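Structure first, commentary second.
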Number of protein chains: 2
Amino acid sequence: MATGRTHRPASRSRGIPEATVARLPLYLRALTALSERSVPTVSSEELAAAAGVNSAKLRKDFSYLGSYGTRGVGYDVEYLVYQISRELGLTQDWPVVIVGIGNLGHALANYGGFASRGFRVAALIDADPSATGKITAGLPVRHTDELETIIRENQVSIGVIATPAGAAQEVCERLVAAGVTSILNFAPTVLSVPDGVDVRKVDLSIELQILAFHEQRKSGEEALAAAAEAADADGPGTRGKPEKSQKATPLAAPAKAAKAAVKAAVARKTGRSGPDGEVPAVMPA
Amino acid sequence: MATGRTHRPASRSRGIPEATVARLPLYLRALTALSERSVPTVSSEELAAAAGVNSAKLRKDFSYLGSYGTRGVGYDVEYLVYQISRELGLTQDWPVVIVGIGNLGHALANYGGFASRGFRVAALIDADPSATGKITAGLPVRHTDELETIIRENQVSIGVIATPAGAAQEVCERLVAAGVTSILNFAPTVLSVPDGVDVRKVDLSIELQILAFHEQRKSGEEALAAAAEAADADGPGTRGKPEKSQKATPLAAPAKAAKAAVKAAVARKTGRSGPDGEVPAVMPA
DNA sequence: CCATCTTTGTGCACGCGTTCACAAAGGCAT
DNA sequence: ATGCCTTTGTGAACGCGTGCACAAAGATGG
């Protein structure tokens, strides 16, 4: 799962919890696989295993959709595929545009999973004039100038942003102004949008950082803690949360000094981390 | 945030909530941007706005890390960058391997955001012999046979899987067997891993489906509901949840018939949805 | 040194999501 | 038909995450 989410204010639409909606595609994929193997029915236990979730959770999720399923037997695969598809809105065709045909945009344009789920790439759009006209994934790359026209003519309501971060907000605004109300953002920026517009964000860099966090935990923190100890005056074990007991003791001054010391040390080796804020996750710098 | 997550059992590591960990990279990015503009300090309000979150949430998140920040002033940007980096484990270098150099793998290999965050691509690996040796993003593509050697020699503990779904589980097992304990999975499959191994999943298709769900809600469900009404015997308004009052009335038979009818209708138009289970999210079919 | 003003850090309450555990429901065999 | 066995659907309890609101802390100006 791509990660961070910047979607709607956590309100549930028509009784279906957001968390459940996020899992429906998972179930749908597992069911599709079963369908291809011509499996007629499946129990909550089996399907849950295939989708990688708890069976109780799965049953509760389905209960929000209605009472599909037969006690003592399980769920009819084809029937469930249809119901979930309908609930997700995949029974209709969704034209989408991809803006920013760099390395990632190129990969997205070639992604085969679109069509099979009711998504259709209406157009590829890029700001670079030299890229315009190039056939990519069977479609000519159009110039940004045509953005509004393309959106309106194709009734596009879903846009994918794969531009550098610097261009993302502007592209976003133009998309919204032209009528797009759902945006999938690959640029490493926080997009601000008016109410009524959904934004979901995918950021590889964030996923990797979360993995690194857990990895650090697993590989024993000792070595690193020891190394950091020299610079960090807080001491290694105390860091969890400042002791409640350090009331108003004259600890303020030393703590301040420690911060300053670390700051200085940090300043010395700053310059390593280049600006990565300008390229979307999964694009060459 | 992209989505579905299949990570650890929701237990918090050493007191830092998982939700907080997931936001730290967000703060870090915002802080890095401020740092580049040489902004010395920032208030929780400003930083929260830049990161796209609530200021109370941000302060609470930081409180798990310790008492950095000065009341009446705000947070020292450089100092906070260092603290968060350290907490996330980004002060050390993480060698990663990318397995599956298709369209997506190629894009990932060229991603510039790796190095700036302490990640280093140790090797690119692909199963296709004809791809082996090709220089991609400055690195030669190695054959899958060398996987174990590469992992061990480079002490790789983080692996990225960008292969077709069919190969993902096997690759995963080989990675784990060779010593990898964190996996970022782009293949549309549920990976089963032993305890102690973290898996995070990024799936574009799922993100789009979630957007489609909300989009369907926004664009009024009426038309679609009316269309489905013909086939769905439940009736349009009743679907929220089966009425409690339909106790043991002879409604079972009609309901069953309705399901069968829909099933037949579904069967008729099945064949549209191609198998998408074989390619990772963001790869050409 | 004191008053004032800003901003942090957090106690508390609320709501969503998860999980357990079980009664109800249906199939199937006798 | 009747009883047994399997599996669903859900009521209820619990725990995590979020947001409010405020007291404590510190800076700043007089």
Side-chain angles (χ1 to χ4, degrees), chain A residues 5 7-13 15-23 40-49 53-76 79-80 240-244 246-253 255-256 259, chain B residues 4-5 7-13 15-23 40-49 52-76 79-80 240-244 246-253 255-256 259:
Chain A
R5 283 97 191 266
H7 47 298
R8 60 175 40 198
S11 75
R12 52 177 62 181
S13 330
I16 300 184
E18 190 62 28
T20 295
V21 173
R23 280 188 295 266
T41 62
V42 65
S43 73
S44 65
E45 204 69 52
E46 296 166 331
L47 184 55
V53 301
N54 181 305
S55 72
K57 196 185 294 186
L58 178 143
R59 288 199 300 277
K60 176 139 292 196
D61 282 342
F62 286 173
S63 79
Y64 290 115
L65 307 183
S67 270
Y68 313 137
T70 309
R71 300 183 188 221
V73 177
Y75 299 91
D76 183 289
Y79 182 64
L80 204 48
K241 196 170 293 185
E243 294 293 339
K244 209 75 185 179
Q246 57 174 223
K247 291 179 182 176
T249 53
L251 195 68
K256 191 175 182 178
K259 285 188 185 181
Chain B
R5 281 100 192 262
H7 49 297
R8 60 174 43 194
S11 74
R12 51 177 61 181
S13 331
I16 301 184
E18 190 61 28
T20 294
V21 173
R23 279 189 295 267
T41 62
V42 65
S43 73
S44 65
E45 203 71 51
E46 295 166 331
L47 184 54
V53 301
N54 181 305
S55 73
K57 196 185 295 185
L58 178 142
R59 287 198 301 275
K60 178 144 294 195
D61 283 341
F62 286 173
S63 78
Y64 292 115
L65 307 184
S67 271
Y68 312 138
T70 308
R71 302 184 188 221
V73 176
Y75 300 91
D76 182 289
Y79 183 61
L80 203 48
K241 195 169 295 185
E243 294 292 340
K244 209 76 185 176
Q246 58 173 226
K247 291 180 183 176
T249 53
L251 195 67
K256 190 175 183 177
K259 285 189 184 179

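Residue numbering restarts at 1 for every chain, and letters A, B, ... go by the order of the sequence lines. These numbers were taken from a predicted model, which means no experiment stands behind them.
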| task | Determine whether A/Thr41 and A/Thr70 make a side-chain contact, defined as any pair of heavy atoms from C-beta on separated by less than 4.5 Å. | result | no

| task | Kindly indicate, with the supporting measurements, whether the criterion side-chain contact (heavy atoms from CB on, under 4.5 Å) is fulfilled by B/Leu80 and B/Leu47. | result | CA-CA 11 Å; B/Leu80 203 48; B/Leu47 184 54; 4.3 Å; yes

| query | Expressed in angstrom and rounded to an integer, what is the separation of A/Asp76 atom CG from C/dG26 atom C1'? | reply | 15 Å

| note | note: B/Leu65, atom CG; C/dT10, atom P; distance rounded to Å ~ 12 Å

Table of protein N/O atoms under 3.5 Å from nucleotides 18-22 of chain D N/O atoms:
residue : atom : partner : partner atom : Å
D/dT18  : OP1  : B/Arg23 : NH1          : 3.0
D/dT18  : OP2  : B/Arg23 : NH1          : 3.3
D/dT18  : OP2  : B/Arg23 : NH2          : 2.9
D/dG19  : OP2  : B/Lys57 : NZ           : 3.2
D/dG19  : O6   : B/Lys60 : NZ           : 2.9
D/dA21  : N6   : B/Arg59 : NH2          : 3.3

| nucleotides 1-6 of chain C: protein proximity per nucleotide (B base, S sugar-phosphate only, - neither; heavy atom, under 4.0 Å) | -----B

| Within the structure, does a side-chain N or O atom of B/Thr70 lie under 4.0 Å from either OP1 or OP2 of D/dG26? | no

| Whole angstrom value for the distance that separates P of C/dG9 from OH of B/Tyr68 | 11 Å

| Which heavy atom of B/Ser55 sits nearest a heavy atom of B/Ser44, and at what distance? | CB-O, 3.9 Å

| What distance separates B/Glu18 CD from B/Thr20 OG1, expressed to the nearest 0.5 Å? | 9.0 Å

| task | In whole angstrom, give the distance that lies between atom CG of A/Leu58 and atom C1' of C/dC20. | result | 16 Å

| So what does A/Tyr75 touch, heavy atoms closer than 4.0 Å: a base, only the sugar-phosphate, or nothing? | sugar-phosphate

| message | Give me the atom names and distance for the closest heavy-atom approach of B/Gly15 to B/Tyr64. | response | O-CD2, 3.8 Å

| query | Given B/Tyr68, which of B/Tyr75, B/Phe62, B/Tyr79 fulfils the ring pair (Phe, Tyr, Trp, His ring centres under 6.0 Å) condition? | reply | B/Tyr79

| said: From CD1 of A/Ile16 over to P of C/dG17, roughly how many Å is that when rounded to an integer? | reply: 12 Å

| message | Just the rounded figure in Å: distance from P of D/dG17 to CD of A/Glu18. | response | 17 Å

